[in-house]
Amino acid sequence: MKNYFFQKVYAVAKDIPKGKVITYKLLAKLAGSPGAYRAVGSAMAQNPDITSIPCHRVVGSDGSMHGYSAGEGIKTKIEKLKQEGIKFKTPNRVDLEVSLWSIF
DNA sequence: TCCTTGACTGGCT
DNA sequence: GAGCCAGCCAAGG
């Protein structure tokens, strides 16, 4: 597979349970390249299947939002997270203390 | 093969 | 706490 890394990123993203979020950094690690968080961002931006890949559950290392290509962007992303019960520390920053997904 | 781009991160001011 | 800058990795032209 040419874009194997992207596929890996998508696979992990699909595995994120409802009500949980993951950081770009951790997602990169789970995809096999701990330092490729920039590439993860690229993968999300090119998300081939917005309906099956919950990219709104991917947030920055401090829980902050950076972008969202579907709906109305960040706004839609926040709305979806709230609907899933994600707890927010500030209006646009999730509370990773309670919502971060960890497979460990 | 080389260069540019990107939904990032960490450190510094 | 917010803004700026350099570094990192993979994909695409």
Side-chain angles (χ1 to χ4, degrees):
Chain A
M1 185 67 82
K2 193 177 181 181
N3 52 349
Y4 178 73
F5 179 73
F6 273 32
Q7 297 301 319
K8 194 86 174 180
V9 170
Y10 297 142
V12 175
K14 285 181 181 177
D15 227 29
I16 303 173
K18 183 181 180 182
K20 290 291 180 181
V21 298
I22 192 173
T23 65
Y24 287 96
K25 190 177 183 180
L26 185 53
L27 183 50
K29 183 180 178 181
L30 294 178
S33 300
Y37 30 74
R38 293 295 301 273
V40 172
S42 298
M44 292 299 108
Q46 295 167 40
N47 193 342
D49 193 351
I50 202 79
T51 59
S52 65
I53 301 174
C55 52
H56 59 280
R57 292 180 189 145
V58 184
V59 300
S61 63
D62 60 350
S64 59
M65 307 291 151
H66 284 278
Y68 191 60
S69 53
E72 294 179 50
I74 304 292
K75 187 180 175 184
T76 300
K77 184 171 181 174
I78 293 175
E79 285 303 311
K80 281 179 171 292
L81 291 175
K82 283 183 177 178
Q83 283 175 24
E84 294 184 2
I86 300 295
K87 195 174 180 181
F88 280 70
K89 257 184 175 178
T90 65
N92 58 354
R93 185 174 298 183
V94 304
D95 188 350
L96 293 177
E97 298 288 318
V98 297
S99 301
L100 179 63
W101 177 51
S102 175
I103 62 174
F104 306 114

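All chains are named by letter (A, B, ...) in the order of the sequence lines, taking the proteins before the strands, and each is independently numbered beginning at 1. In what follows, every heavy atom counts, from backbone to side chain, and hydrogens, waters and symmetry copies are set aside. Predicted model, so just to flag it, every value in this text is computed and none were measured.
B:dC8 atom C1' lies 14 Å from atom CG of A:Leu26, rounded to whole Å. Between the P atom of B:dA7 and the CG atom of A:Asn92 lies a distance of 18 Å, rounded to the nearest Å. Summarising the geometry, the separation between OH on A:Tyr24 and P on C:dC9 is reported as 19 Å, rounded to the nearest angstrom. Between the P atom of C:dG3 and the NE2 atom of A:His66 lies a distance of 13 Å, rounded to the nearest Å. Distance OH (A:Tyr10) to C1' (B:dA7): 11 Å, rounded to an integer number of Å. Note: CD1 (A:Ile78) to P (B:dA7) measures 17 Å, nearest angstrom. The CZ-P distance, from A:Phe5 to C:dC8, rounds to 16 Å in whole Å. Following rounding to the nearest Å, A:Asp62 (CG) and B:dC8 (P) show an atom-to-atom distance of 11 Å.
Screening A:Lys20, A:Lys18, A:Arg57 for a salt bridge (Lys or Arg N to Asp or Glu O under 4.0 Å) involving A:Glu84 leaves a single residue, A:Arg57.
Closest non-hydrogen pair, A:Val9 versus A:Ala43, comes out as CG1-CB, 4.1 Å. For A:Cys55 against A:Ile50, the heavy-atom pair with the smallest separation is SG-CD1, 3.6 Å. The nearest pair of heavy atoms linking A:Thr23 to A:Ser61 is CG2-CA, 4.0 Å. In terms of heavy atoms, A:Tyr24 sits closest to A:Gly67 at OH-O, 4.4 Å. Of all heavy-atom pairs spanning A:Tyr68 and A:Ile74, the tightest one is CB-N, 4.0 Å.
In secondary-structure terms, DNA chain C builds stems of at least 3 consecutive Watson-Crick or G-U pairs, each pair having both distances under 3.5 Å, at B:2-6 with C:9-13, B:8-13 with C:2-7.
Annotation: proximity of residues 36-59 of chain A to DNA chain C (heavy atom, distance under 4.0 Å) is found for A:Ala36, A:Tyr37, A:Arg38, A:Ala39, numbered in ascending order.
Summary of the strand contacts: A:Gly35 and A:Arg93 both lie near DNA chain C, and taking for each the nucleotide with the nearest heavy atom, the more 5' one is attributed to A:Arg93.
Between A:Lys25 and B:dG10 there is a side-chain polar atom (N or O) within less than 4.0 angstrom of OP1 or OP2.
Atoms CG and NZ, from A:Leu30 and A:Lys8 in turn, are 9.5 Å apart once rounded to the nearest 0.5 Å. Annotation: the span from A:Ser33 atom OG to A:Leu27 atom CG amounts to 11.0 Å, rounded to 0.5 Å. The line from NZ of A:Lys80 to CD1 of A:Ile86 is 12.5 Å long, rounded to the nearest 0.5 Å.
Among the atoms of the strands shown, base atoms are found under 4.0 Å from some heavy atom of A:Ser69.
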